[in-house]
K.L.:
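Okay, handing you the structure first.
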Amino acid sequence: MAKAKKKAGDINSSSMADIAFLLLIFFLVTTTMDVDTGMKRTLPPWIDPTEQQNDVDVNERNVLKVNVSRSGAIMVGTEEYRSSDLRRSGEHSRLSREVYFFLVDPERSNKKATEIDGATYNVSEGLVSLKADDETEYKVYLKVQDELTHAFNLYRDDISRQVYGKAYDELDDIQAGNIRKAVPMKISEAEPNDQTKK
Amino acid sequence: MAVMAKKGKREVPAMSTSSLPDIVFMLLFFFMAATTMREVDPLVSVQMPEAIEITELDKKNLVNIWMGKPLGAAKGEDALKIQLNDQTREVEDIRDFISATTVTKGVGPKDIVVNLRVDEGATVGKLTAVKQELRKAEALNISYAARAAETH
């Protein structure tokens, strides 16, 4: 009689793998792996064009004008740049080097005593004024932005070495924040004027 | 003796597959942890430009705006379209979209980062129009979405 009390058979688990595979494939299809990457910017607050504006007087000397034409030709100050000048040869491109020198050279942009982490340092007041034609290709525009960012990052690196004695990307969050505050990415874009265009 | 020799030639036992589900489950959990759900289907084709000086963006409070040619558009047609959530919209709709998003996210327009996913063939003029609308909506933190360029 004891023989009648049979042991329950094991459930066949060979299909477990199939189920797991099915789930795996489902997740592979419905999800994305890529991390969002981009170049951060802060727009200036909206100014009502009908309001009386008192333009902020910026010392002309501290401004480097970068104009991008519809064909992708670039004017930096009074000099003409070609698209090949945006390409990096080694660490830098001609444009990023030029902007960096503009920031560093006291002959070209005024230095202002700025307090960083308890001590004062001379930081450039240089500003890049970027103006791109409406018909300019976005690809070219972003490449210019990229090189401008690179120049400012190089300058931040300089200041960071003066203040903390190490590279900007080796700083902790608070230190990097201090540097960012002291050396803002001064890239201003001209207000689009609708009056001149139909 | 002949019988003994035959018996000695044993068959190789079948490989145990009982650990296969474990391996697959491990893979599954890895993918579940490392990936995120695709939220919206693209309606416009966006080939993002390459850039070097880019940073990773925090997914939290990130709002996407797509701009590119509509998918399945005829070859000659090159009108740029703007996609907000899962609809193609006009530039003027951006302000409403931002205010609606801030309400659902429960944050102010200054706390969100608008990620501009713009096709590399788009024009700056169209981008400027979008940026003007964002300024009106007080969403001043933006990012130009870009792919990491391979530095040579």
Side-chain angles (χ1 to χ4, degrees), chain A residues 13-48 68 70 87-91 96 132-143 145-153 189 191-192 194 197, chain B residues 17-18 20-25 27-28 31-32 34-39 47-59 62 64 67 113 115-129 131-132 134-149 151-152:
Chain A
S13 63
S14 62
S15 55
M16 180 83 109
D18 302 340
I19 296 165
F21 262 121
L22 218 72
L23 277 169
L24 178 66
I25 290 160
F26 169 73
F27 270 95
L28 276 175
V29 171
T30 54
T31 58
T32 48
M33 190 96 162
D34 55 276
V35 193
D36 283 327
T37 52
M39 215 181 293
K40 279 191 184 174
R41 285 284 181 279
T42 307
L43 298 172
W46 174 251
I47 302 159
D48 202 325
V68 189
R70 62 181 60 197
R87 225 169 293 136
R88 301 222 175 149
S89 53
E91 283 279 289
S96 60
D133 190 277
D134 274 358
E135 296 300 314
T136 308
E137 216 185 345
Y138 177 63
K139 193 177 166 183
V140 178
Y141 172 79
L142 200 75
K143 190 74 203 129
Q145 286 268 15
D146 199 17
E147 293 311 305
L148 295 179
T149 314
H150 182 55
F152 274 95
N153 280 343
E189 288 186 70
E191 202 73 32
D194 304 312
K197 287 198 180 74
Chain B
T17 54
S18 59
L20 191 58
D22 302 338
I23 297 164
V24 178
F25 267 117
L27 273 172
L28 177 65
F31 274 98
M32 281 174 74
T35 60
T36 47
M37 275 282 184
R38 193 175 293 159
E39 277 146 20
Q47 172 73 35
M48 281 197 278
E50 285 188 346
I52 301 159
E53 305 293 328
I54 50 174
T55 47
E56 261 182 40
L57 304 170
D58 194 1
K59 279 252 195 286
L62 196 70
N64 285 306
M67 191 160 93
V113 176
N115 192 23
L116 299 170
R117 293 167 167 269
V118 182
D119 188 74
E120 59 181 17
T123 55
V124 169
K126 200 85 177 176
L127 174 73
T128 309
K131 287 201 288 195
Q132 290 298 85
L134 289 174
R135 285 174 66 188
K136 287 178 200 166
E138 288 175 35
L140 301 178
N141 295 316
I142 61 160
S143 102
Y144 299 115
R147 288 177 293 140
T151 39
H152 46 114

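These numbers come from the heavy atoms of this one structure, side chains and all, not from hydrogens, waters or symmetry mates. Since the structure is predicted, the reported quantities are computational estimates derived from the model, not experimental observations. Naming: A, B, ... by sequence-line order, numbering from 1 per chain.
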K.L.:
Could you give the distance from CD (E147(A)) to CD1 (I52(B)), rounded to the nearest 0.5 Å?
P.N.:
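CD1 of I52(B) is found 5.5 Å from CD of E147(A).
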K.L.:
For the pair I142(B) and M39(A), evaluate side-chain contact (heavy atoms from CB on, under 4.5 Å) and give the outcome as yes or no after the intermediate values.
P.N.:
CA-CA 8 Å; I142(B) 61 160; M39(A) 215 181 293; over 6 Å; no
K.L.:
Looking at residues at least two apart in the chain, or sitting in another chain, which of them share a side-chain contact (heavy atoms from CB on, under 4.5 Å) with L27(B)?
P.N.:
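Counting only residues at least two positions away or on another chain, L27(B) forms a side-chain contact (heavy atoms from CB on, under 4.5 Å) with L24(A), F31(B).
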K.L.:
Does any heavy atom of chain A fall under 4.5 Å from the side chain of A139(B), the backbone, both, or neither of them?
P.N.:
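Contact with chain A involves the backbone of A139(B) alone.
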K.L.:
Under the criterion side-chain contact (heavy atoms from CB on, under 4.5 Å), I'd like the reasoning laid out for N153(A) against E53(B): C-alpha separation, chi angles, the key distance, then a yes or no.
P.N.:
CA-CA 9 Å; N153(A) 280 343; E53(B) 305 293 328; 2.9 Å; yes
K.L.:
Would you confirm whether T37(A), through its side chain, and R147(B), through its main-chain N or O, come within 3.5 Å as a donor-acceptor pair?
P.N.:
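Not a single qualifying donor-acceptor pair exists.
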K.L.:
Tell me which of these, E189(A), M16(A), H150(A), Q145(A), has more heavy-atom pairs under 4.5 Å with chain B than the rest.
P.N.:
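Option with the top pair count is H150(A).
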K.L.:
If I measure from the heavy atoms of chain A, does L127(B) come under 4.5 Å with its side chain, its backbone, both, or neither?
P.N.:
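Looking at L127(B), just its side chain touches chain A.
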K.L.:
Select one option (side chain, backbone, both, neither) describing which atoms of E138(B) are under 4.5 Å from chain A's heavy atoms.
P.N.:
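Neither; nothing under 4.5 Å.
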K.L.:
Looking at K131(B), I want to see if its NZ is surrounded by more than 12 non-hydrogen atoms of other residues, nucleotides or ligands under 6.0 Å.
P.N.:
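It does: K131(B) NZ has more than 12 such atoms within range.
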K.L.:
Please state whether the side chain, the backbone, both or neither of T128(B) comes within less than 4.5 Å of a heavy atom of chain A.
P.N.:
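Looking at T128(B), just its side chain touches chain A.
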K.L.:
Report yes if some heavy atom in the side chain of K126(B) is under 4.5 Å from a heavy atom in the side chain of Y138(A); otherwise report no.
P.N.:
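K126(B) does not reach Y138(A) side chain to side chain.
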K.L.:
What part of D58(B) lies closer than 4.5 angstrom to a heavy atom of chain A: side chain, backbone, both or neither?
P.N.:
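Contact with chain A is absent: no heavy atom of D58(B) under 4.5 Å.
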K.L.:
I'd like to know which of A137(B), A146(B), G121(B) tops the heavy-atom pair count under 4.5 Å against chain A.
P.N.:
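Looking at each of A137(B), A146(B), G121(B) in turn, A146(B) comes out on top.
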K.L.:
With chain A, which of T123(B), L140(B), N141(B) has the greatest number of heavy-atom pairs at distances under 4.5 Å?
P.N.:
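Most pairs with chain A among the choices: L140(B).
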K.L.:
Tell me, side chain or backbone of I23(B) under 4.5 Å from chain A's heavy atoms, or both, or neither?
P.N.:
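Nothing of I23(B), per the 4.5 Å heavy-atom cut-off to chain A.
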K.L.:
I would like to know whether E50(B) and R88(A) meet salt bridge (Lys or Arg N to Asp or Glu O under 4.0 Å); could you show each step before the answer?
P.N.:
CA-CA 13 Å; E50(B) 285 188 346; R88(A) 301 222 175 149; over 6 Å; no
K.L.:
Do you know which of A132(A), P45(A), G38(A), A17(A) has the most heavy-atom pairs with chain B at a distance under 4.5 angstrom?
P.N.:
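Going by pairs under 4.5 Å, I would pick G38(A).
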K.L.:
Could you tell me if the side chain of R117(B) sits less than 4.5 Å from the side chain of D36(A), heavy atoms only?
P.N.:
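Side-chain contact under 4.5 Å: yes.
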K.L.:
Rounded to the nearest 0.5 Å, what separation is found between the CG atom of L134(B) and the CH2 atom of W46(A)?
P.N.:
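Separation between the atoms: 11.5 Å.
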K.L.:
Select one option (side chain, backbone, both, neither) describing which atoms of L23(A) are under 4.5 Å from chain B's heavy atoms.
P.N.:
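For L23(A), heavy atoms of backbone and side chain both lie under 4.5 Å from chain B.
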K.L.:
Let me know if K40(A) has heavy atoms under 4.5 Å from chain B in its side chain, its backbone, both or neither.
P.N.:
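For K40(A), the contact with chain B is made by backbone and side chain together.
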K.L.:
Can you list the residues that meet the side chain to side chain donor-acceptor pair (under 3.5 Å) rule with N115(B), with sequence neighbours excluded?
P.N.:
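Side chain to side chain donor-acceptor pair (under 3.5 Å) list for N115(B), sorted by chain: N64(B), S143(B).
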